[in-house]
**Q** 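Structure incoming, see below.
Residue numbering restarts at 1 for every chain, and letters A, B, ... go by the order of the sequence lines.
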Amino acid sequence: MIAEAGLAALWLAAAFALVQLMVAWGAAKHGANPRVGTLMTALRRIALVQGLLALLSFALLIALFVRSDMSVELVAANSHSLKPMIYKVAGAWGNHEGSMLLWVTVLAVAGGGVAMFERRLAAGTLAATLGAQAAIGIGFYAFLAFASNPFARLNPAVPDGQGLNPLLQDPGLAFHPPTLYLGYVGLSVAFSFAVGALLMRDVGPAFARAMRPWVLGAWIFLTIGITAGSYWAYYELGWGGWWFWDPVENASLMPWLAATALLHSVTVLATRDGLRAWTLMLALVAFAMSMLGTFLVRSGILVSVHAFAVDPTRGTFILALLGIYIGGALALFGARVGTVTQGSTFQLVSREGALVLNNLLLSVILGVVFIGTLYPLAAQAAGVQLSIGAPFFNKALVPVALALVVATAAGPLLRWRRDNWNALAKRALVPTAAAGVSFALLFALARGAHFASVVAIALSVGLAVASVAPVARRNLRRTPLHVWGMVIAHLGVAVSIAGMASDSAFKVERLAAIQVGQNTTVGPFRVTLAEIRPQIGPNWSALEAKLQVRRGEGKAFELYPQNRFFSTPPTNTNEAAITTLLDGQLYTVLGQGDEQGRWQVRLWWKPFVTLIWLGGGLIALGGLLALVGRVRRERRDSEAEAYA
Amino acid sequence: MKAKHQRLVLGLLALGAVAGAAGLALSALQDQAAFFYAPGDVAGKPVPTDKAVRLGGMVAANSIVRQPDGVSIAFTVTDGKATVPVAFRGVAPDLFKEGSGVVAEGKFNPDGSFTADNLLAKHDERYMPPQVAGEMHKTETLDK
């Protein structure tokens, strides 16, 4: 019964989306009519009910997974009655159908949120926005209903399911897709706002202020998702790397790049009424990148180490949706951009100018990632097999990324509207000196380190110093929260880049085959293989190595890397053992044994690698502070207006 | 600066950025793209030995041989048309096994064998490179 109820809720939600689209049409068309107020109230309620129905449908899917109802095809294919509860729940979205239901649920709930809380937009614009949101929803409801029904029954039912891919049985990954989807779908709201504003020719600071929290929220979730995904790949896959330029990773990076650019340009629009057309364009591009990401991951079109579904029908369906929505929105943009009147102007040497530079550099990076991700597909269509890897991206992107670091450092040092070079040079003196000194020190002390890495570390020191400049001579308690947000996010960028550069410049690797009792060394560590022993977990068994590690004359500690065997489905996984020290991480992997009693051990000493994810966390925290600060300020302003 | 001029300057900058992105990407593509080969692509032909490439296919049955140093293995990659011997030093990924798909990153040697410095196996145990899947499917269909 639960499955049927879930399907019914899904269809009802789809019906409400259809009604929402029609009511929105009417409300937007008759914006001047006094009776439109009733229509708007109805529209807001419809959007809310649509969100609740989608949520109900998804909750029922989770209930099916929790009860291990093996008469449902999706549960049987992706769950197992003996699985730990957290992975039963996560199993609901650890597959194609469930994740698409999650997608549409977040979309509908976000639409309901806009309907409930958005009070600043003109009625017509809000109606058009909710209409656009409903139109996106309808496409995805159709996709679920016709191409990937999550509630399909399995007849006859099976006693036990096939289990979840063991690599996905990890707390980090269980929450990874929902986080990314919240980001993707937050960008859908920005897209709907842009479409609404274009339809109603209502582009200005009020529109930008309404859109900004959604962009910020989406961007925070994307940042967390990418950071967590990177750390997951790092500790779970056992290959010691933190970014692979895999198409599936790029699929989440591209919306993030677009959202980062959008976040900066929407601020110019909200506070200075500049960059109108460009901001609209970015809002469309950002959501296009979300949909492209969904398409790449879900269509199985890519040669990826981690693409999931392989089903051409679904790929075609998502591609058609992508074409309709993005093509339609771009056509609308082309038709209406002429009527978006010129915003206010600014000098090129100004905060706006730096933000434009930031946007252009981010767009270049986005363009390169886009080409690198899709070129193999285009070549394949032309009959040529090729794949593009890290060397391509590193060569094309490292110089642009370093230029972006400089622009990021300069931006907050500049004044709005107009500034001059001399004043900038004076303010940039301390950060530049800091970068220069660290470059000289590194160059002298770390001979043989890669030149680009040394430059990157020096620039990140300069960026860190420049980042705190906006709060350096202010009353810290009276500094607005969103300024703190900017400072911390920029500091996070500096910290991340320092971590990446440090890892690529200074990591040391050792691969050895040793018997129990023997030892090997890596960097400053001496590692002894003390024991190999069996271990049993809830749904796996493992061989575990006990490694005794000692750094110089320091205190010894132990690490336990494992080789795990899962029976359903039969799979081996490597569980790396990692220890985090103040100045880096020691990363150990157990390989296979041979007839002579030797065991493969792979060791990495990675100085300051943790800074990569710490920086990601700081960036997200900065976004959160900015979001809270902006929302609070908006509320205060609207109260002030009410009393005025 | 007049609004019109500013728009012009910004437009030109944006154009420059797009051209820059394309230029960077193309120049990097030209000499850095790791080209993808299936064993059938290189059978009886001269192979490029000077650049990093990827070799994709299935690990042939009973072909994995451990080397005496304990950290190297040798195996052959096949796509049903031809096979290429591969040497690899390192810990093979979890899903690397005989009869399953693999992508080896590395270089061809002058004798046509391949030295891999990285092996990729798929998360999903059903994975094989699409073009290999296509070939296998064709072969299976012909056999029937």
**Q** Just so I understand: if I count every heavy-atom pair under 4.5 Å between each of Gly23(B), Ala92(B), Ala22(B), Pro68(B) and chain A, which residue has the most?
**A** Pro68(B)
**Q** Counting heavy-atom pairs under 4.5 Å to chain B, which of Val364(A), Leu511(A), Ile514(A) comes out on top?
**A** Leu511(A)
**Q** Between Ser72(B) and Arg89(B), which heavy-atom pair has the shortest distance, and what is it?
**A** OG-CG, 3.6 Å
**Q** Among the options Asn574(A), Val356(A), Val601(A), Asp594(A), pick out the one with the most heavy-atom pairs lying under 4.5 Å from chain B.
**A**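 Heavy-atom pair counts peak at Asn574(A).
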**Q** Taking side chain as C-beta onward, heavy atoms only, is Leu590(A) less than 4.5 Å from Ile532(A)?
**A**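 Contact flag for Leu590(A)/Ile532(A) side chains = yes.
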**Q** Heavy-atom pairs under 4.5 Å with chain B are the metric here; pick the option from Glu509(A), Gln596(A), Arg598(A) that has the most.
**A** Arg598(A)
**Q** Is it the side chain or the backbone of Val369(A) that comes within 4.5 Å of chain B heavy atoms, both, or neither?
**A** neither
**Q** Going by the angle between their ring planes, with limits at 30° and 60°, are Tyr587(A) and Tyr234(A) parallel, tilted or perpendicular?
**A**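 Because their plane-to-plane angle is over 60°, the rings of Tyr587(A) and Tyr234(A) count as perpendicular.
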**Q** Report the option among Ala390(A), Gly591(A), Gly353(A), Ala396(A) that has the most heavy-atom pairs separated by less than 4.5 Å from atoms of chain B.
**A** Ala396(A)
**Q** Is the closest side-chain heavy-atom distance between Trp278(A) and Val268(A) below 4.5 Å?
**A** no
**Q** Do the two ring centres, one from Phe75(B) and one from Phe88(B), sit under 6.0 Å apart?
**A** no
